[in-house]
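Below, read A as the first sequence line, B as the second, and so on, with proteins coming before strands; counting in each chain starts at 1. All values derive from a computational prediction rather than experimental measurement. Just so it is clear, the values below take in all heavy atoms, side chains as well, and ignore hydrogens, waters and symmetry mates.
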2 protein chains.
Amino acid sequence: MKFLKIPAATITRLSLYTRALETLIKEQVTVVSSKKLAELCGVNPAQIRKDLAYFGQFGVRGVGYYVKELLFDVKKILGLHREWKLAIVGVGNLGCALVAHENFTRQGYRFVAAFDADPMKIGRKLVTGLLINPPNEMHAICREKQVEMGVICTPADFAQDIANRLVDAGVKAILNFAPTQIQAPEGVKVENVDFSVKLDNLAYFLTTG
Amino acid sequence: MKFLKIPAATITRLSLYTRALETLIKEQVTVVSSKKLAELCGVNPAQIRKDLAYFGQFGVRGVGYYVKELLFDVKKILGLHREWKLAIVGVGNLGCALVAHENFTRQGYRFVAAFDADPMKIGRKLVTGLLINPPNEMHAICREKQVEMGVICTPADFAQDIANRLVDAGVKAILNFAPTQIQAPEGVKVENVDFSVKLDNLAYFLTTG
DNA sequence: ATCTTATTGTGATTAGAGGCACATGCGTGC
DNA sequence: GCACGCATGTGCCTCTAATCACAATAAGAT
Ligand SMILES: NC(=O)c1ccc[n+]([C@@H]2O[C@H](COP(=O)([O-])OP(=O)(O)OC[C@H]3O[C@@H](n4cnc5c(N)ncnc54)[C@H](O)[C@@H]3O)[C@@H](O)[C@H]2O)c1
Ligand SMILES: NC(=O)c1ccc[n+]([C@@H]2O[C@H](COP(=O)([O-])OP(=O)(O)OC[C@H]3O[C@@H](n4cnc5c(N)ncnc54)[C@H](O)[C@@H]3O)[C@@H](O)[C@H]2O)c1
């Protein structure tokens with residue numbers, strides 16, 4: 001059971017489940033069935049059971065899942081039981097919004113370094129007190145602060161170059177907000193967040209009905 | 001050929017293709033093969049041909065695709081040959097970044113209305129000159145300005161309520177940035193942009209190798 | 001006019017994800 | 001202590017998406 005290949009979609013859903021579970025905890029719910037949880041997440045109940053089955057047995061037959069326990073287990077599966085150190089590159093409109101966003105911190109994602117090429121910004125501090133460094137210090141600082149994930153918020157033209165530098169600095173996971181496809185070596189994971197693609201999907205939907 | 005059901009993934013890729021094609025145009029490339037385009041987009045060449053095949057024939061055998069022509073056609077398929085009118089609800093950190101983002105405008109997405117519940121913000125103008133209105137005017141203003149898409153940038157607790165109001169105001173497409181699942185009636189499309197889920201994916205990748 | 005070469009368009013094939021349905025097994029009540 | 005109800009865990013089936021492989025065909029050379 002342990003060594004099956006796990007669908008990427010499963011991981012994405014697990015992330016969704018943690019959300020729902022957190023809301024349930026807030027509502028003082030202690031036990032939840034796959035049926036109920038499925039409703040909250042907008043998926044099929046069997047899907048949930050199958051997703052969990054990849055990683056073991058977490059429920060009690062005839063009862064359901066203990067919310068708190070399941071949340072703990074799922075978080076552990078995803079690797080959310082610990083803190084992650086992030087670096088942001090490009091602190092423009094979007095970059096600043098991200099760093100300021102306190103949800104990330106609450107979830108264990110901590111920005112420990114910031115970089116920007118703008119001479120006007122270098123040396124200044126973000127609202128969180130984080131110092132903005134020049135890109136050429138990326139290697140040294142990322143290693144020193146043990147940055148594990150890089151977030152790219154620069155214009156698209158620079159994204160690949162930044163990615164290369166991050167990889168060079170030992171960063172193995174990159175979240176890319178620039179609307180471009182980034183190449184990364186084996187062993188480095190790149191996730192793209194692409195608002196335009198989503199808008200395009202909506203446009204298509206409205207166009208075709 | 002015309003009345004097959006088209007995979008959602010196909011639409012998403014079409015959006016990616018337009019990006020690559022735009023870069024090719026900038027580089028003065030006039031003709032491109034599915035092989036080359038596939039490399040740029042990180043997909044399988046046959047995938048591209050099949051995606052396009054859903055909508056007709058766009059290439060020349062033995063030659064490839066004429067870049068400019070194909071871009072025009074794909075944009076038309078997606079409904080990007082025209083302008084779309086958007087409303088934003090919640091002009092905080094993220095909301096402001098979105099409105100300020102000029103890429104959207106370039107692609108034909110135009111913010112024509114903004115709403116926020118904060119009394120300090122109502123009545124003020126965004127950097128683009130867009131006036132911030134109270135949420136209770138959503139219905140009237142959205143109808144008046146013929147808003148077609150709504151963008152939700154409020155805290156998660158209010159997202160569903162905002163969505164309901166947007167739907168009520170005749171909006172048929174919603175882009176939701178709040179980390180929550182939104183229910184919408186048949187005929188209304190909701191797309192979620194969820195940064196945390198992406199980060200969680202990275203965390204999982206780093207945790208398991 | 002015919003042959004060559006390159007690349008499309010597409011039927012066939014493979015891979016994979018999602019959903020169904022039931023056997024399994026836990027908790028409760030009698 | 002036994003039976004019953006209920007929700008899980010999972011084998012199997014279905015459906016969809018991705019890839020392969022080749023026939024169709026356009027452009028250019030001979
Ligand atoms: N703002 C949005 O809502 C939005 C939406 C979708 C996508 N994006 C994408 O996110 C990225 C950033 O968007 P933004 O709105 O924050 O842009 P922005 O112009 O406000 O910020 C870009 C920042 O990157 C910095 N930068 C430029 N080159 C750099 C380099 N080589 N190294 C380090 N820093 C560099 C700039 O100095 C600037 O501070 C862009 O690729 C954009 O397309 C933004
Ligand atoms: N900032 C980020 O990087 C980021 C990242 C991921 C997700 N998000 C999500 O995006 C949403 C907005 O994030 P933000 O950082 O801009 O938050 P923010 O607090 O800066 O802005 C929220 C805005 O929404 C307004 N608002 C609150 N209730 C409202 C209502 N009922 N009607 C209209 N407006 C209302 C507030 O007045 C405020 O201006 C949140 O759901 C957040 O979780 C943000």
Side-chain angles (χ1 to χ4, degrees), chain A residues 1-17 20-21 24 29-71 73-74 77 181 197 201 204, chain B residues 1-17 20-21 24 29-71 73-74 77 181 197 201 204:
Chain A
M1 190 109 314
K2 273 288 164 53
F3 300 106
L4 288 166
K5 226 206 63 206
I6 288 139
T10 289
I11 304 305
T12 299
R13 280 190 298 268
L14 287 181
S15 184
L16 245 49
Y17 302 158
L21 291 169
L24 287 174
V29 180
T30 56
V31 178
V32 69
S33 67
S34 59
K35 184 149 172 285
K36 185 79 208 306
L37 188 57
E39 272 167 31
L40 290 173
C41 301
V43 302
N44 184 294
Q47 185 80 77
I48 293 188
R49 299 199 295 274
K50 186 151 265 189
D51 284 339
L52 294 174
Y54 283 112
F55 301 96
Q57 311 209 153
F58 303 95
V60 181
R61 292 175 195 221
V63 178
Y65 301 89
Y66 292 103
V67 176
K68 224 174 156 178
E69 234 175 76
L70 183 61
L71 176 60
D73 290 332
V74 175
I77 291 166
Q181 215 60 25
V197 167
N201 268 280
Y204 175 77
Chain B
M1 190 112 312
K2 273 289 164 54
F3 300 107
L4 288 166
K5 223 208 64 206
I6 288 137
T10 289
I11 304 305
T12 298
R13 280 190 299 268
L14 287 181
S15 183
L16 245 47
Y17 303 158
L21 291 170
L24 287 173
V29 179
T30 56
V31 178
V32 69
S33 66
S34 60
K35 184 150 171 285
K36 185 78 208 308
L37 187 57
E39 273 166 32
L40 291 173
C41 299
V43 301
N44 184 295
Q47 184 82 77
I48 293 187
R49 299 200 293 275
K50 185 147 266 189
D51 284 340
L52 295 174
Y54 283 113
F55 302 95
Q57 311 209 153
F58 303 95
V60 183
R61 292 175 196 221
V63 178
Y65 301 88
Y66 292 101
V67 176
K68 222 171 155 181
E69 232 175 78
L70 183 60
L71 177 60
D73 289 333
V74 175
I77 291 166
Q181 216 60 25
V197 167
N201 269 279
Y204 174 78

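The distance from atom CG of Leu52(A) to atom P of dT8(D) is 10 Å, rounded to the nearest whole Å. If you measure from atom CD1 of Ile6(A) to atom P of dA15(C), you get 20 Å, rounded to the nearest angstrom. Taking atom CG of residue Leu37(A) and atom P of nucleotide dA7(D), one finds them 14 Å apart after rounding to whole Å. Glu39(B) places its CD atom 12 Å from the P atom of dT7(C), with the value rounded to the nearest Å. A straight line from CD1 of Ile11(B) to P of dT16(D) spans 16 Å, rounded to a whole angstrom. Asp51(A) places its CG atom 7 Å from the P atom of dG18(C), with the value rounded to the nearest Å.
For the pair Ser34(B) and Ala8(A), both in contact range of DNA chain C, the more 5′-proximal nearest nucleotide belongs to Ser34(B).
Here Asp73(A) pairs with nothing under the side chain to side chain donor-acceptor pair (under 3.5 Å) rule; sequence neighbours left out. Shown here are the side chain to side chain donor-acceptor pair (under 3.5 Å) partners of Tyr17(B), two or more places apart in sequence or in another chain: Asp51(B). Thr12(B) is linked by a side chain to side chain donor-acceptor pair (under 3.5 Å) to Asn201(A), counting only residues two or more places apart in sequence or in another chain.
At a threshold of 4.0 angstrom between heavy atoms, the contacts of Thr10(A) with the nucleic acid are absent.
Tyr204(B) approaches Ile77(A) most closely through the heavy-atom pair CD1-O, 3.4 Å. Contact record, Leu37(A) with Leu21(A): CD1-CD2, 4.2 Å, taken as the closest heavy-atom pair.
The shortest side-chain heavy-atom distance between Thr10(A) and Tyr54(A) falls under the 4.5 Å cut-off. The shortest distance between side-chain heavy atoms of Ile6(A) and Phe55(A) falls below 4.5 Å. Residues Thr30(B) and Lys68(B) fail the side-chain proximity criterion, which asks for heavy atoms closer than 4.5 Å.
When the side-chain nitrogen and oxygen atoms of Ser33(A) are compared with OP1 and OP2 of dA7(D), none of them lie within a distance under 4.0 Å.
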Within the sub-3.5 Å range, which N or O atoms of nucleotides 19-21 of chain D have a protein N or O partner, and how far apart are they?
residue : atom : partner  : partner atom : Å
dT19(D) : OP2  : Gln47(B) : OE1          : 3.3
dT19(D) : O4   : Lys50(B) : NZ           : 2.9
dC20(D) : OP2  : Asn44(B) : ND2          : 3.1
dA21(D) : N6   : Arg49(B) : NH2          : 3.2

Distance-only donor-acceptor pairs under 3.5 Å for side chains of residues 39-49 of chain B, two or more places apart:
residue  : atom : partner  : partner atom : Å
Asn44(B) : OD1  : Ala46(B) : N            : 2.7
Arg49(B) : NH1  : Ser34(B) : OG           : 2.9

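Within residues 57-70 of chain B, the residues having any heavy atom closer than 4.0 Å to DNA chain D are, in order of number, Val60(B), Arg61(B), Val63(B).
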